[in-house]
Trainee: 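Structure incoming, see below.
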Amino acid sequence: MALIQFITMSQRTKIKALLTGEHVGTEVTVKGWVRAFRQNRFIALNDGSTNNNIQIVVDFENTDPALLKRITVGAAISVTGTVIASLGQGQTVEIPAATIEILGDSDPEKYPIQPKKHSLEFLRENAHLRFRTNTFGAIFRVRNTLAFAIHQFLQDRGFVYLHTPIITGSDAEGAGETFHVTNFDLNNIPKTDTGEIDHKQDFFGRSTNLTVSGQLEGELGAMALSDIYTFGPTFRAENSNTTRHLAEFWMIEPEMAFYDLKDNADLAEAMLKYVINAALEKNKEDLEFLNQRLAEEEKQKPQNERSELSLLDKLQFCLSNDFVRISYTEAIDILRDSPANKKKKFQYLIEGWGADLQSEHERYLVEKHFKKPVILTDYPKDIKSFYMRQNDDGKTVAAMDILFPGIGEIVGGSQREERLDRLEQRMDELGIPKDELWWFLDTRRFGTCPHAGFGLGFERLVLFVTGMGNIRDVIPFPRFPKNAEF
RNA sequence: UCCUGAGUAGCUCAGCCGGUUAGAGCAUCUGACUGUUAAUCAGAGGGUCGCUGGUUCGAGCCCAGCCUCAGGAGCCA
């Protein structure tokens, strides 16, 4: 009953439905925002249900001039009329307006979005209005599909969506700089006798910060529910100024009991393919638009910087090919023997085993050598986190990074160290306070078992699927150094 | 945080070797036209040249500091 009421309450037809042509001959009411008003006669109207506009035809000779003047770019209007097959070229259907109502005016002198190309920088500064452009409409519909598809994929496999805390008490994970959480009066912070900040007087009675990862709490869930995932905001206070970092971003962190590293990689690869396929199926028009947008952007670039595949080809290629799986050690061999290394083209030359891979090395492997997504495994333990499972060689850990062309690391994960003695020994070596993580160590004390998990950077995924170049353009309101507008 | 580049009209950009009244296209406004698709034609309005200081007879242009943005690097997802 309530559902039926809800459906009939919305007294208008969405443009996506109108453009199918099935309403021809029937009277409809359509509501949306004016994208263009040409020749005092043609309104291009968009309501966000699709990237395409419906054409409204105005009988301007019999319409109040005062009303015509209010049909401006950006204005919200409601139109009633009978859908007909279009009399002109360029669209299949159109609506001769019987009545037009202005719902919200838009002062053309002040409205910043014009029916022309705007730079992404300009639109970023107008993030509150950029949804009204074709590009951002497409991006955020694709983003929505990807988010939903992730839930669908994991839910279909019996994973439990677990909400791990946003405010955490421990900074012991070493996953990066954190934002502090406090309700202290910052102009009058309580101090101890020795002059240090007295966290005992703070809201939580201790030092707290915004989460940098839900993994450790996620592991606690997996140690009872078997397969869990988190999908929530994550915060890093690093002063990162790049096209692939945000201070606030969304991360998916599946954590699975009884999974080893291979199971972990299998799941990540299947999930990435599933969600990319979902976008291709559900957002065909949006991706075609983004494909075109990227193609035009690429035309501006010199030949050698253009990508070989179009966006759609790249996504399709990703679906129909297995990701390459090699170990860190094999990767070092490839890089050391590469022409780029021998000709000293790398800024950081590969000399031996043990160093972390630089961006240029990852890009070489993914974009030049293999030309497809690469899963790198078994990194030296010294460049990875304490919780990763130590391999029998004594040198490496069961880590995996998935590298995507143009994006770099999109997934970082590992099989976890489930052996208490090995874990504690590693924490001691790295100076990680065991007492603060007593609850984490308890999982290894009571019914420990092999398990694994990974973190997928959601915006990096959206970046890849939409073909956009800057991560700040695939999240509605980006947070980055010196910027928290909107 | 480091390196490189940029900041001129609402937007995108030009502006020579430092020279007197800073330009164009689009947008906006006025008028014309009316089956358009980034409509077209004519005209008009619109500027703290990022900020502060300095050099100079004179600074959009040169110098210093700062702010912001972009691209690359690091950190990572």
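Within every chain, numbering begins at 1; the chains are lettered A, B, ... in the order of the sequence lines, protein sequences first and strands thereafter.
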Trainee: Can you check whether A:Gln89's main-chain N or O pairs, donor with acceptor, with A:Gln91's side chain at less than 3.5 Å?
Mentor: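 Such a contact is found between A:Gln91 side chain and A:Gln89 backbone.
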Trainee: Of the listed nucleotides (B:rA70, B:rC76, B:rC26), which one gets closest to any side-chain atom of A:Arg236?
Mentor: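 So the side chain of A:Arg236 is nearest to B:rC76.
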Trainee: From the list B:rC11, B:rU12, B:rU36, which nucleotide is the closest neighbour of the side chain of A:Ser119?
Mentor: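 It is B:rU12.
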Trainee: Across the strands shown, which category fits A:Leu246 at heavy-atom distances under 4.0 angstrom: base, sugar-phosphate, nothing?
Mentor: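 Result for A:Leu246 = base.
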Trainee: Pick base, sugar-phosphate or nothing for A:Lys110, based on heavy-atom distances below 4.0 Å to the nucleic acid.
Mentor: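 Nothing, no nucleic acid heavy atom in range.
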Trainee: How far, in whole Å, is B:rA27 from B:rC67 if one measures between their P atoms?
Mentor: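 Looking at atom P only, B:rC67 and B:rA27 are 38 Å apart.
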Trainee: Which of these nucleotides, B:rA73, B:rG35, B:rA77, is closest to any side-chain atom of A:Arg244?
Mentor: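 Of the options given, the side chain of A:Arg244 lies nearest B:rA73.
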Trainee: At 4.0 Å (heavy atoms only), tell me whether A:Pro112 reaches a base, stays on the sugar-phosphate, or touches nothing.
Mentor: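 A:Pro112: no heavy atom of the nucleic acid under 4.0 Å.
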Trainee: With a 4.0 Å cut-off on heavy atoms, is A:Phe122 in touch with a base, just the backbone sugar-phosphate, or nothing at all?
Mentor: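 Contact class for A:Phe122: sugar-phosphate only.
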Trainee: Across the strands shown, which category fits A:Val73 at heavy-atom distances under 4.0 angstrom: base, sugar-phosphate, nothing?
Mentor: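 The answer is nothing, as A:Val73 stays clear of every strand by at least 4.0 Å.
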Trainee: Relative to the 5' end of RNA chain B, which residue comes earlier, A:Pro115 or A:Ile410, by the nucleotide with the nearest heavy atom?
Mentor: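 Its nearest nucleotide being more 5', the pick is A:Pro115.
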Trainee: Which nucleotide in the list B:rA73, B:rA70, B:rU1 gets nearest to the side chain of A:Tyr348?
Mentor: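 Output: B:rA73.
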Trainee: Report which part of the nucleic acid A:Glu485 touches: base, sugar-phosphate, or nothing (heavy-atom distance under 4.0 Å, all strands).
Mentor: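 Counting heavy atoms under 4.0 Å across all strands, no contact is made by A:Glu485.
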Trainee: For A:Phe480, which contact category applies under a 4.0 Å heavy-atom criterion: base, sugar-phosphate, or nothing?
Mentor: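 Touches sugar-phosphate only.
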Trainee: Could you check whether the side chain of A:Gln91 and the base of B:rU37 have a donor-acceptor pair of N or O atoms closer than 3.5 Å, going by distance alone?
Mentor: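 It does, because a donor-acceptor pair links the side chain of A:Gln91 to the base of B:rU37 below 3.5 Å.
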Trainee: Test for a donor-acceptor pair under 3.5 Å between the base of B:rU1 and the side chain of A:Asn241, counting only N and O atoms.
Mentor: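 Answer is yes: a donor-acceptor pair is held.
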Trainee: Counting side-chain heavy atoms from C-beta on, which of B:rG35, B:rC69, B:rG10 comes nearest to A:Gln39?
Mentor: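 Among the listed nucleotides, the one closest to the side chain of A:Gln39 is B:rG35.
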Trainee: Base, sugar-phosphate alone, or nothing: which one does A:Gly412 contact when heavy atoms must sit under 4.0 Å apart?
Mentor: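 The answer is sugar-phosphate, as A:Gly412 gets under 4.0 Å only of primed atoms, P, OP1 or OP2.
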Trainee: Just call it for A:Gln114: base, sugar-phosphate, or nothing, with non-hydrogen atoms closer than 4.0 Å on any strand.
Mentor: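 The answer is base, as A:Gln114 lies within the cut-off (heavy atoms under 4.0 Å) of a base atom.
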Trainee: Can A:Phe458 be said to stack with the base of B:rA77, given centres closer than 5.5 angstrom and planes under 30 degrees apart?
Mentor: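 Ring-base stacking flag not set for A:Phe458 and B:rA77.
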Trainee: Should the ring pair A:Phe486 and A:Phe477 be called parallel, tilted or perpendicular, given that the plane angle runs from 0 to 90° and is split at 30 and 60?
Mentor: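 Plane angle between 30° and 60°, so tilted.
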Trainee: Between B:rU36, B:rU1, B:rA73, which nucleotide has the shortest distance from any of its atoms to the side chain of A:Arg38?
Mentor: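 So the nucleotide nearest the side chain must be B:rU36.
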Trainee: In whole angstrom, give me the gap between the C1' atoms of B:rU8 and B:rU48.
Mentor: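 One C1' to the other, the span is 12 Å.
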Trainee: Side chain of A:Arg460, base of B:rC76: donor and acceptor closer than 3.5 Å?
Mentor: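 Present.
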Trainee: Checking all strands, does A:Arg472 fall into the base, sugar-phosphate, or nothing category for heavy-atom contacts under 4.0 angstrom?
Mentor: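 Sugar-phosphate only.
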Trainee: Can you tell me whether the side chain of A:Glu360 and the base of B:rG72 have a donor-acceptor pair closer than 3.5 Å?
Mentor: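 Such a pair does not exist between side chain and base.
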Trainee: Indicate the atoms forming the closest heavy-atom contact of A:Thr211 with A:Pro233, along with that distance.
Mentor: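 Closest approach of A:Thr211 to A:Pro233: CG2-O, 3.8 Å.
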Trainee: Considering only atom C1', compute the distance from B:rG54 to B:rG45 and round it to an integer number of Å.
Mentor: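 Here B:rG54 and B:rG45 have their C1' atoms 37 Å from each other.
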Trainee: Could you identify the nucleotide paired to B:rA14, looking across every strand shown and requiring Watson-Crick or G-U wobble geometry with both distances under 3.5 Å?
Mentor: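 Partner of B:rA14: none found under 3.5 Å.
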Trainee: If every non-hydrogen atom of A:Val34 is compared with every non-hydrogen atom of A:Thr72, which pair is closest and at what distance?
Mentor: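 Smallest interatomic distance, heavy atoms only, reads CB-O, 3.3 Å.
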Trainee: Which of the following nucleotides, B:rU34, B:rU36, B:rA70, is nearest to the side chain of A:Gln55?
Mentor: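 Nucleotide nearest to A:Gln55's side chain: B:rU36.
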Trainee: How do A:Lys69 and A:Leu357 order along RNA chain B: which one's closest nucleotide is nearer the 5' end?
Mentor: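 The residue whose closest nucleotide sits nearer the 5' end is A:Lys69.
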